[in-house]
Amino acid sequence: MIQRMQSIWLFLAAVAAFLSFKFSFFSGNFIGPDKVKVFKSLTASGNLVLLTLTVAVGVVALVAIFLYKNRKLQMRFTLATLLMSLLTIILYYNQTQLFVEGKYDLTAVVTLLVPIFLVLAARGIYKDQKLIRSLDRLR
């Protein structure tokens, strides 16, 4: 069933992950290679590791939508994606330490919404598993 609530949460998590390519997480002055301050915005495409993890989070969240027939595998994918998104946030924070001065952008909320959506999706998958187990007991 593709119209389940966790499918919506997984889709929103994937959209938020892909939006982090466009919207910045942090903006500020960065000391460039020639020792000159340069204004820079930190996005997911600014670092190879962030780029890879963000693409992985978005793609795995989209793949997990179509695993509705295998709820155990869907839950594993969702939890793995949750761990990757938390790692992405940690890497964002580490990248902000390289800036001399700056501020977090309002659009950083987009990146912070990904783990929230994934937790809500995992909760929905768990409720489905619980419902199926209770129906199997009645048979």
Side-chain angles (χ1 to χ4, degrees):
M1 295 227 208
I2 209 153
Q3 68 268 21
R4 298 180 308 162
M5 195 62 193
Q6 58 265 28
S7 299
I8 294 170
W9 294 125
L10 288 168
F11 179 72
L12 288 175
V15 167
F18 290 129
L19 281 177
S20 67
F21 286 112
K22 181 72 175 160
F23 298 124
S24 64
F25 185 81
F26 190 84
S27 298
N29 290 327
F30 184 78
I31 296 197
D34 53 349
K35 305 291 185 200
V36 176
K37 284 186 181 179
V38 178
F39 185 79
K40 185 178 172 185
S41 295
L42 179 63
T43 61
S45 58
N47 185 349
L48 182 63
V49 178
L50 279 174
L51 174 73
T52 307
L53 276 175
T54 306
V55 167
V57 166
V59 169
V60 173
L62 285 177
V63 167
I65 293 172
F66 298 103
L67 295 174
Y68 57 88
K69 290 184 181 179
N70 191 349
R71 282 175 303 283
K72 275 188 177 180
L73 186 61
Q74 188 180 33
M75 180 64 97
R76 287 181 188 154
F77 270 50
T78 304
L79 293 178
T81 307
L82 177 64
L83 290 175
M84 284 190 293
S85 69
L86 292 175
L87 181 63
T88 303
I89 292 172
I90 291 169
L91 288 175
Y92 269 122
Y93 179 74
N94 286 340
Q95 288 294 313
T96 61
Q97 302 304 311
L98 301 176
F99 284 81
V100 177
E101 57 188 19
K103 61 180 177 51
Y104 289 96
D105 293 333
L106 183 61
T107 54
V109 173
V110 172
T111 305
L112 299 175
L113 284 176
V114 175
I116 294 170
F117 290 148
L118 291 171
V119 166
L120 291 171
R123 199 175 100 205
I125 296 167
Y126 177 75
K127 283 183 181 178
D128 274 0
Q129 283 180 328
K130 197 169 146 182
L131 178 67
I132 296 298
R133 275 187 261 145
S134 71
L135 291 176
D136 284 345
R137 275 182 269 166
L138 291 175
R139 289 185 209 175

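Annotation: the span from Ile89 atom CD1 to Asn94 atom CG amounts to 12.5 Å, rounded to 0.5 Å. Rounding to the nearest 0.5 angstrom, the gap separating the CD atom in Gln95 from the CG atom in Asn47 is 4.5 Å. One finds the NZ atom of Lys130 at 8.5 Å from the NZ atom of Lys127 (value rounded to the nearest 0.5 Å). Atom-to-atom distance recorded for Leu10:CG and Phe117:CZ is 11.0 Å, nearest 0.5 angstrom.
Under the ring pair (Phe, Tyr, Trp, His ring centres under 6.0 Å) criterion, Tyr92 pairs with Phe25, sequence neighbours left out. The side-chain contact (heavy atoms from CB on, under 4.5 Å) check on Ser24 picks up Ser27, Ser41, Thr43, Asp105, Thr107, with sequence neighbours excluded. Every residue was checked against the side-chain contact (heavy atoms from CB on, under 4.5 Å) condition with Leu83, not counting sequence neighbours, and none meets it. Every residue two or more places apart in sequence or in another chain that forms a side-chain contact (heavy atoms from CB on, under 4.5 Å) with Val59 is listed here: Phe18, Val55, Val63. For Phe11, the side-chain contact (heavy atoms from CB on, under 4.5 Å) partners two or more places apart in sequence, or in a different chain, are Val15, Leu62, Ile65.
Between Ser85 and Leu118 the shortest heavy-atom distance is OG-CD1, 3.9 Å. Contact record, Ala13 with Val114: O-CG2, 3.8 Å, taken as the closest heavy-atom pair. Residues Thr111 and Ser20 come closest through the heavy atom pair OG1-CB, 3.7 Å. The minimum heavy-atom distance linking Gly102 with Phe26 is given by the pair C-CZ, 3.6 Å. Heavy atoms only, all atoms of each residue included: Ala122 and Met75 are closest at O-CE, 3.2 Å. Of all non-hydrogen atoms in Thr81 and Val57, the two that sit nearest each other are CG2-O, 3.6 Å.
With a 4.5 Å cut-off on side-chain heavy atoms, Leu87 and Leu53 count as touching. Residues Leu12 and Trp9 are in side-chain contact: their nearest non-hydrogen atoms beyond the backbone lie under 4.5 Å apart. Residues Thr78 and Gln6 fail the side-chain proximity criterion, which asks for heavy atoms closer than 4.5 Å.
Applying the 4.5 Å side-chain rule to ILVMFWY residues, one finds Val100 in the same cluster as Ile31.
For Leu106, the CG atom counts as loosely surrounded, since its 6.0 Å shell holds 12 or fewer non-hydrogen atoms of other residues, nucleotides or ligands.
Partner of Asp128 under the side-chain hydrogen bond (donor to acceptor under 3.5 Å, both in side chains) criterion, out of Arg133, Arg123, Arg4: Arg4 alone.
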Run Val110 and Lys22 through side-chain contact (heavy atoms from CB on, under 4.5 Å) and show every step you take. CA-CA 10 Å; Val110 172; Lys22 181 72 175 160; over 6 Å; no
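Cluster membership check: Ile132 does not share its hydrophobic cluster with Leu67, using side-chain heavy-atom separations under 4.5 Å among Ile, Leu, Val, Met, Phe, Trp and Tyr. Under a hydrophobic-cluster definition in which Ile, Leu, Val, Met, Phe, Trp and Tyr are linked whenever side-chain heavy atoms come within less than 4.5 Å, directly or via other members, Leu42 and Leu48 are assigned to the same cluster.
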